[in-house]
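Only one structure is covered here, and it is reproduced in the block below.
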Amino acid sequence: MKESEQNLTVGKVSEQLFKFTVPLFFANLLQAGYNIADMVVVGRYVGSSGLAAVSNASMLCFIITSIGIGITVGGTVLAARARGGGDRAAERATIGTLFAVTALAALPVTAGGWWFSRSVFLLMKVPEEALEQACGYMNILSCGTLCVFGYNAVCALLRGLGDSRRPLLFVAIAAAVNIMLDLLLVGVWKLGVTGAAWATVTAQAAALLAGLFYLKRRKFFRGFGWRDFRPRLGTAVGILKTGIPSALQMVVVNLAFLLVTGMFNRYGVTAAAAAGIGLKISTLAGMPCWAVGQAVTAMAAQNLGAGEVGRTAETVRAGIRSGLVATGIAVILIQLFARQVIGCFDSDPEVIRAGVLYLRIFSSFSGLAYAVMYVCDAFATGTGAPTLALFNALLEAVVLRLLLCWFFSTHLGYGFAGVCWGMALSTLPPAMIGLGYCRWGRWRNGLPER
């Protein structure tokens, strides 16, 4: 086993989980950082209209990215089970098949991004002064869908094999490329939102190429020919059995955020910019529990594949503890420095006021509930119950979030603040359902659920 890989079926669970989580956290943080770089640079050099365009387009782009992440989660689970069971042939079959599956999935997603983005932005009620910029940004980023899917496939496979360090390296490459090109294309050459989009696409391509050459050097395949990426039907079914519900889960969550963004857009470009900034900052607060969840998925799958039910149970307990502590620290920092952080994106006093209100409500107790929900859903995915995670996503994002946002903002007349309260309260019931699965789920029989 390479130095960068961990055997997640031995050793103290909490220590192994921590060691595996830390690189994932920094990888997520870097990825969020280079996405935020677009907003910071555009906000400084283009203004509020460009900032609103990027924040709205980023929501749609994140849905596309989420499809890729969701599909590739199936690769994480299969690779982890193969590694836990010591099946090297299954590892190789998973790698080639996952790349084939994600490449095929990228084609219709790319076309959809080109053809339907304007209609989606109109439904979102993107402010008129930001609409054309948002469409241009989206069209360019759609060109990079294959790179996004391929990069996530590399990282998903490495996580399943117990390697969380290399994904951090690949994200660092992407972050460096993106930030340098943002400053050059937007700040120096004055290409505006278009320049930020090309910076992001180039960064994603760089990360994918770095990942592919690493896998080739590790001799997971001989070259870049058809034989190396030939899909195996049984493996493809296994990947999609987990990947499709996971992708749907992420799409549902982000579509709901898209609709909520539309609610914010009704209050004008200032509210749209503030909500976009607030969402980016609250996303940073979610970085720790995202990393813990990714680690829990891989670790639970490896241990269940090895028949270690006790370690599987301890994995989710350690994950919930870690998620609560890390998210709690992030929430406290955001509450203490909300005004200063919002001001880094936009100096408009009205944007700062609305952004601080967003963070005061949404990045509070709901962050802790979200951490529990996310870790439990990640555990369900790793133990073979991705439909439970999908159900929780539908409940939280569609039923509760949209209903509560409408109720507080429109029915009770709280407006912008009401949308924030609806988002904050929607995470509580799904967290309880996730805890119930971890305590009484059928995974305790010792085999992944079917």
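Keep in mind that the numbers below use all heavy atoms, side chains included, and drop hydrogens, waters and symmetry copies.
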Q: Apply the side chain to side chain contact (heavy atoms under 4.5 Å, CB included) test between I64 and each candidate in L141, V148, T145, V251; give the one that qualifies.
A: T145
Q: Determine, stepwise, if the pair N152 / T65 fulfils side-chain contact (heavy atoms from CB on, under 4.5 Å).
A: CA-CA 9 Å; N152 280 291; T65 302; 4.2 Å; yes
(Q) Among residues at least two apart in sequence or on other chains, which ones pass salt bridge (charged side-chain N to carboxylate O under 4.0 Å, His left out) with E350? (A) R353
Q: I would like to know whether D377 and T381 meet side-chain contact (heavy atoms from CB on, under 4.5 Å); could you show each step before the answer?
A: CA-CA 6 Å; D377 286 351; T381 299; 5.6 Å; no
Q. Which of parallel (below 30°), tilted (30 to 60°) and perpendicular (above 60°) describes H411 and F407?
A. parallel
Q. Is C143 close to W114 at the side-chain level, that is, under 4.5 Å between some pair of heavy atoms?
A. yes
Q.
Working note: V260 + L402, criterion side-chain contact (heavy atoms from CB on, under 4.5 Å); need CA distance, chi angles, decisive distance, verdict.
A. CA-CA 7 Å; V260 170; L402 296 181; 4.0 Å; yes
Q | Residue pair N303 / E314, side-chain donor-acceptor N/O under 3.5 Å | A | no
Q. Within a radius of less than 6.0 Å around CZ of F25, do more than 12 heavy atoms belonging to other residues, nucleotides or ligands occur?
A. yes
**Q.** Side-chain touch Y214/V154, heavy atoms, less than 4.5 angstrom
**A.** no
Q) Is it the case that S426 and E396 place a side-chain donor and acceptor less than 3.5 Å from each other? A) yes
Q.
Show, in sequence, the C-alpha distance, side-chain angles and deciding distance for F99 and L157, and conclude whether the side-chain contact (heavy atoms from CB on, under 4.5 Å) test is met.
A. CA-CA 10 Å; F99 279 117; L157 290 167; 4.0 Å; yes
Q. For R339, what residues pass the salt bridge (charged side-chain N to carboxylate O under 4.0 Å, His left out) criterion, not counting sequence neighbours?
A. none
Q.
Tell me every residue that passes ring-ring contact (aromatic ring centres under 6.0 Å, His included) with F379, counting only those two or more places apart in sequence or in another chain.
A. W443
Q.
Is it the case that over 12 heavy atoms from other parts of the model lie below 6.0 angstrom from the OH atom of Y45?
A. no
(Q) More than 12 heavy atoms of other residues, nucleotides or ligands under 6.0 Å from CZ of F365: yes or no? (A) yes
Q) Does a side-chain heavy-atom distance below 4.5 Å link V325 with I329? A) yes
Q: Could you check T327, V292, T21, V375 and say which one makes a side chain to side chain contact (heavy atoms under 4.5 Å, CB included) with S322?
A: V292
Q) Taking the inter-plane angle between the rings of Y267 and F416 on a 0 to 90° scale, is it parallel (under 30°), tilted (30 to 60°) or perpendicular (over 60°)? A) perpendicular
**Q.** Residue pair S117 / N139, side-chain heavy-atom distance below 4.5 Å
**A.** yes
Q.
Does E128 have more than 12 heavy atoms from other residues, nucleotides or ligands lying within 6.0 Å of its CD?
A. no
